[in-house]
Amino acid sequence: AEMATFEEQTECIVEALFFDLLGEDGSDCRSLETDSGDPVQSAGEPPTRFDPVVVASRLRQMGDQCNVDFEKVSSEALAEVLKGKKLKLPSRFLQMEKFGAAVDSLSRSWCNQNPELVYERVFLAISVKLLMHVSKKVLSMVQPSQLINVINGNSQVRSYIEACGGWVRM
C-alpha cells in the first residue's frame, strides 16, 4: 500500500481528533489514550505504521497541556474567531482565515514569552486547544477542514513534522 501524502495523513488525524472531541460513541473514544494494541516499542525503534488515532491522541494531549485561557488573551484575530459564533457568516473561509491567523499570532506571542518552546509544537497545541474551546461553545461552527487547512497551510509546521520523520513520530 502506498503511503498517504502529508495532506491525507493530516486529514485522517484531524478526523480522528474530531471523532474523539465529539465523543459520539463514548466507549470508543477513550481508547484513543492507549496508544493502539501494538507491542511497546523501544525508544530508538521507529514507529512501524501510521495510525491516525494514536497521533490524534498525542495532539489532544498537547492541546490538554496547553494552558492558554482564550477568554483572557487580547488578540484581534482570536476575538474574530470567538465572535464568529455570534455572526451568521455564510462564508466558512472567513472564519478559517481568522482561525489560522489567531493560532499563528498566539503561538508566536507564547514563544516570545517562553523562548525554550518550539513554535511548531506550540502551533499544534494551540490549534487543538482553540478548536476544543470553540467546539464547546458552538459545535456547529467547527469543521475538521478548518484545522486540516490550518496545519497543511503552515509550511513551517509541515516542514517541522516532516523533519521529525512525519506524523508517525509526532
*If you measure from CD1 on Ile151 to CD on Gln9, what distance do you get to the nearest 0.5 Å?*
12.0 Å
*Got a donor-acceptor contact below 3.5 angstrom from the Glu15 side chain to the Cys12 backbone?*
no
*Which distance, rounded to the nearest 0.5 Å, do you find between the CD of Glu162 and the CZ of Arg169?*
13.5 Å
_Name the residue from Thr5, Asn152, Asn149 that meets the side chain to side chain donor-acceptor pair (under 3.5 Å) definition with Thr10._
Asn152
*CZ of Phe99 to CG of Leu147: how many Å apart, nearest 0.5 Å?*
5.5 Å
*asked:* Side chains of Met170 and Leu124, heavy atoms from C-beta outward: is any pair under 4.5 Å?
replied: yes
*From Trp167 CH2 over to Glu8 CD, what is the distance, rounded to the nearest 0.5 angstrom?*
14.5 Å
*Please list, chain by chain and in numerical order, all residues satisfying ring pair (Phe, Tyr, Trp, His ring centres under 6.0 Å) with Tyr160, sequence neighbours excluded.*
none
*For the residue pair Met62 and Arg121, what are the closest heavy atoms and their distance?*
CE-O, 3.3 Å
_So Val118 and Phe123, do their side chains get closer than 4.5 Å, heavy atoms only?_
no
*Report yes if the side chains of Leu78 and Val103 come closer than 4.5 Å at any heavy-atom pair, otherwise no.*
no
*Is there side-chain contact between Val150 and Asn154, with at least one heavy-atom pair below 4.5 Å?*
no
*Please name all residues satisfying salt bridge (charged side-chain N to carboxylate O under 4.0 Å, His left out) with Arg108, sequence neighbours left out, ordered by chain then number.*
Asp104
*Nearest heavy-atom pair of Val128 and Leu59: which atoms, and what distance?*
CG1-O, 3.7 Å
*asked:* Let me confirm one number: the CG-OG distance from Asn112 to Ser109, rounded to the nearest 0.5 Å.
replied: 7.0 Å
*Of all the heavy-atom pairs spanning Ala102 and Leu130, show the shortest one and how long it is.*
CB-CD2, 4.3 Å
*Val55 and Asp51: side chain to side chain contact (heavy atoms under 4.5 Å, CB included), yes or no, with the steps?*
CA-CA 7 Å; Val55 181; Asp51 185 343; 5.9 Å; no
Considering only distance and modelled atom types, tabulate donor-acceptor pairs under 3.5 Å from the side chains of residues 63-70, sequence neighbours left out.
{"unit_1": "Asp69", "atom_1": "OD1", "unit_2": "Glu71", "atom_2": "N", "d": "3.1"}

*asked:* Run Glu120 and Ile161 through side chain to side chain contact (heavy atoms under 4.5 Å, CB included) and show every step you take.
replied: CA-CA 8 Å; Glu120 295 82 359; Ile161 292 167; over 6 Å; no
*Find out whether Val168 and Arg49 are in side-chain contact, i.e. whether some heavy atom of one side chain is under 4.5 Å from a heavy atom of the other.*
no
*Minimum heavy-atom distance between Met132 and Leu21, given as atom pair plus value*: CG-CD2, 3.4 Å
*Which atoms form the tightest heavy-atom contact between Pro144 and Val14, and what is the distance?*
O-CG1, 3.5 Å
*Supply the atom-to-atom distance Cys111 SG to Tyr119 OH, rounded to the nearest 0.5 angstrom.*
8.0 Å
*Test item: Ser57 side-chain N/O and Val53 main-chain N/O as donor-acceptor pair under 3.5 Å*: no
